[in-house]
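Report on the structure given below.
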2 protein chains.
Amino acid sequence: MAVSIKDVGRLAGVSVSTVSRAFNGYSDINPVTKQRILEAAEALGYSPNISARNLSSKKKQNIGLVISGFLQENTAQARNDEFEFWLMHGAYRCARDLDLDVAMYSIDSEFQKKKTYEQFCAERNLSGTLMFGLKITDDYFHQLHDAEIPCVTVDTLVRGRNVGCVTIDNVLAFQELTQYLFDLGHRELLLITGRKTAAVTMERMAGAYEAYLANNFEFRKENVVYCDFREDEAYRKTKIYLQKKQKNGATAFLCMSDMMAVGVLRAVKECGYRVPEDFSVVGFDGILLTTYTEPKLTTVDQQIEQKGYEGMRLLSRILERPEEARCLYLPHVLKERQSTGQKNEGGG
Amino acid sequence: MAVSIKDVGRLAGVSVSTVSRAFNGYSDINPVTKQRILEAAEALGYSPNISARNLSSKKKQNIGLVISGFLQENTAQARNDEFEFWLMHGAYRCARDLDLDVAMYSIDSEFQKKKTYEQFCAERNLSGTLMFGLKITDDYFHQLHDAEIPCVTVDTLVRGRNVGCVTIDNVLAFQELTQYLFDLGHRELLLITGRKTAAVTMERMAGAYEAYLANNFEFRKENVVYCDFREDEAYRKTKIYLQKKQKNGATAFLCMSDMMAVGVLRAVKECGYRVPEDFSVVGFDGILLTTYTEPKLTTVDQQIEQKGYEGMRLLSRILERPEEARCLYLPHVLKERQSTGQKNEGGG
DNA sequence: TTGAAAGCGCTAACAC
DNA sequence: GTGTTAGCGCTTTCAA
């Protein structure tokens, strides 16, 4: 049993309540007594028991940074790890600026079946959460709707009294990206999608569709390749596509993530084609890796770190005043680099 | 005030202790009663108060994943982010396999001056920690020595009753890497180091030195460039070096991190030289990025994810039996790729 | 300015 | 099998 408030009181010759006062910044205490208590505590190596404190007065604000699906795929090639990393980074940076105590937890879909969102929070004494990677098929997606404990979701739109969201306008961003390829003269695009259960996948799909509509081009189903945000899958499917169609199919690859664009790049090169001379490739996210590929990838920069930061900031506001709950649409930036070019006449 | 054990007891028509029994998997309880209690709890939306539980019986094991210096540099180019990411990944994966509850915290050197290690743990109810990124100049580095709460450090060797370490044999690994360059015929190497306060920097330096010694080559101080693990700094200093020495200096760049090797690669290319024809470049870590550079980087793979996993596993063993505290040296693998080649006769 | 005492919600003896 | 009760360490009235 560690040293408690009682021990400190005994050594300082005061009662427990006086010790408590000394430790909680109350003014109605003799500075001399306070000093004596602090010294006694120091000597004993005392530090307050957080459980006891929480039990008798639930003041402390604990914030949970909850990542859903962190361990989903465990091979390096498979993941868009940078994305999650910078989200965390932004969130922790904001927490430091605002002096909030945040703890990160990894949960998966299976875990969500065992514990409800509120139970999860209660057990960890969380007063609010910032949630990444929540899928629309996840249990918490539905539970959040009428949860008491505030939550801010990143990239998953959830309605709810105490829920806020930060995201970008995926529809608009993807429409712009598609239009960018059209403007370069490309008419047949191969759309490489993310996981179907991801909300962003559907939104970006809608954006592409709108661009087709606005240009009176035909959106053909056979030009959609369903993937999973993964590099290797995009690589594999692109290779199959190229071996079959060669230069008689799409002239540009429109990817819903940078990692997939990297996979496409790899496939195109391995098939003996050049980017952007033979094919254009665009990604989405704006991860660092896109500046190290050859050629450098054209992409939409989501400013991921900022997203994490703003998510945490929004949460802290909601924690203070629940009516602050809202959806924040952050800006995105098209980064035009070297993987895109005017459609080659020789191309299909 | 949320619903408590009392409310459940009242609704189920039993006493609080019976409810407690029902929730803690005791056998001496009537299955029928138990069922009734569980239903009452369900109806009331009850979930146990973790603080109260911790207060009356300190069973729950909470593990902290503590990252020191997570927010140190906040520009994307600057960081070796992948390294931290995969360490986290491995740690959380192990936690899932072992059914441990882990929470990640970000602390920096400044924070360590405000709270001692034991205070930090006490306030968060941590029974053990896995610590990344601890510098030898950090306060916790010293406090760990005689801390009561077990800790496993990654890549920082700390002696202490309740402290374990996981790392690789940095001296040996770097000696091998240096020898590999010697074997290719390189005689003059430029050593690009990490941050001086990082323990690994000194260890790898020693490894390089041993290789020089074993070959009876002269280790010259002017062939050491002190950097900070950062891509941009390595890039900058390499560029300066090349502009001055051109091909009359080192023929190979020996980097203490992959990110720096990537920066060197960029500098070499920008100066109009080819890798590996004009210069060889090697990195260290084995991050994913090294397989996407052109040419692919030769490096020492630390198997970072595994390191995180083993760190967590060691911690869980120490938590059960403190005498398990030890230092684990994990294997490393030299990945020979395309950024290294036989020393060109034309080279300096 | 300080102390006494009543809880906060739960667990774990100990009775029955 | 179940109830009674004494804490766990702390905060917070209420008195003094």
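Note that the coordinates shown come from a computational prediction; the quantities given were computed from them, not determined experimentally. Residue numbers begin at 1 in each chain, while the letters A, B, ... track the order of the sequences.
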**Request:** Indicate, with a heavy-atom threshold strictly under 4.0 Å, whether A/V19 touches base, sugar-phosphate, or nothing.
**Result:** nothing
**Item:** Integer-rounded Å distance: D/dG9 P and A/L44 CG
**Value:** 14 Å
**Phosphate OP1/OP2 of C/dT11: any B/N24 side-chain N/O under 4.0 Å** = yes
**Asked** Between B/Y309 and B/Y92, is the ring centre distance below 6.0 Å?
**Response** no
**Item:** Euclidean distance, atom CG of residue B/L55 to atom C1' of D/dT11 [Å, nearest integer]
**Value:** 12 Å
**Asked** The side chain of B/S56 lies closest to which of these nucleotides: C/dT11, D/dT2, D/dG9?
**Response** C/dT11
**Message:** Could you tell me how far apart A/N54 (CG) and D/dC8 (C1') are, to the nearest whole angstrom?
**Reply:** 14 Å
**Euclidean distance, B/R21 CZ relative to B/T33 OG1, rounded to 0.5 Å** = 10.5 Å
**Prompt:** Picking from D/dT11, C/dG9, D/dT2, which would you name as closest to the side chain of B/T33?
**Reply:** D/dT2
**Item:** B/E123/A/R53 salt bridge by N-O under 4.0 Å criterion
**Value:** no
**Message:** The side chain of B/V16 is closest to which nucleotide in this list: D/dT5, D/dC8, D/dT2?
**Reply:** D/dT5
**Request:** Give the rounded distance in Å between these two atoms: CG of B/D7 and C1' of C/dC8.
**Result:** 13 Å
**Qualifying residues under salt bridge (Lys or Arg N to Asp or Glu O under 4.0 Å), relative to B/E310, sequence neighbours excluded** = B/R313
**Message:** Go nucleotide by nucleotide along DNA chain D from the 5' end; which of B/R36 and A/S51 gets its closest nucleotide reached first?
**Reply:** B/R36
**Prompt:** Going through the distances and angles, do B/Y105 and B/F70 end up as a ring pair (Phe, Tyr, Trp, His ring centres under 6.0 Å)?
**Reply:** CA-CA 9 Å; B/Y105 301 90; B/F70 185 54; over 10 Å; no
**Prompt:** A/K6 NZ to D/dT11 P: how many Å, rounded?
**Reply:** 14 Å
**Message:** Distance check needed: D/dC8 C1' versus A/R53 CZ, whole Å only.
**Reply:** 16 Å
**Asked** B/I50 CD1 to C/dT11 P: how many Å, rounded?
**Response** 9 Å
**Message:** Under 4.0 Å from OP1 or OP2 of C/dG3: is there any side-chain N or O of A/S15 that close?
**Reply:** yes
Write out a two-atom table: protein N or O, nucleotide N or O from nucleotides 13-16 of chain D, distance below 3.5 Å.
none

**Prompt:** Is the distance from OP1 or OP2 of D/dG1 to the nearest side-chain N or O of B/T18 less than 4.0 Å?
**Reply:** no
**Request:** Counting heavy atoms from C-beta on, name the nucleotide in C/dG9, D/dT11, D/dG9 closest to the side chain of B/S4.
**Result:** C/dG9
**Neighbour count >12 (heavy atoms, 6.0 Å) for atom CZ, A/R159** = no
**Message:** Between P on D/dG9 and CG on B/N49, what's the gap in Å once rounded to a whole number?
**Reply:** 16 Å
**Asked** When the ring centroid of B/F83 is compared with that of B/F132, is the distance short of 6.0 Å?
**Response** no
**Message:** Side-chain N or O of A/S20 versus OP1/OP2 of D/dC10: is the shortest distance under 4.0 Å?
**Reply:** no
**Message:** Any salt bridge linking A/E324 with A/R321? Criterion: basic side-chain nitrogen under 4.0 Å from a carboxylate oxygen.
**Reply:** yes
**Message:** Using the side-chain heavy atoms of A/Y46, tell me which of these nucleotides is nearest: C/dC10, D/dC8, D/dC10.
**Reply:** D/dC10
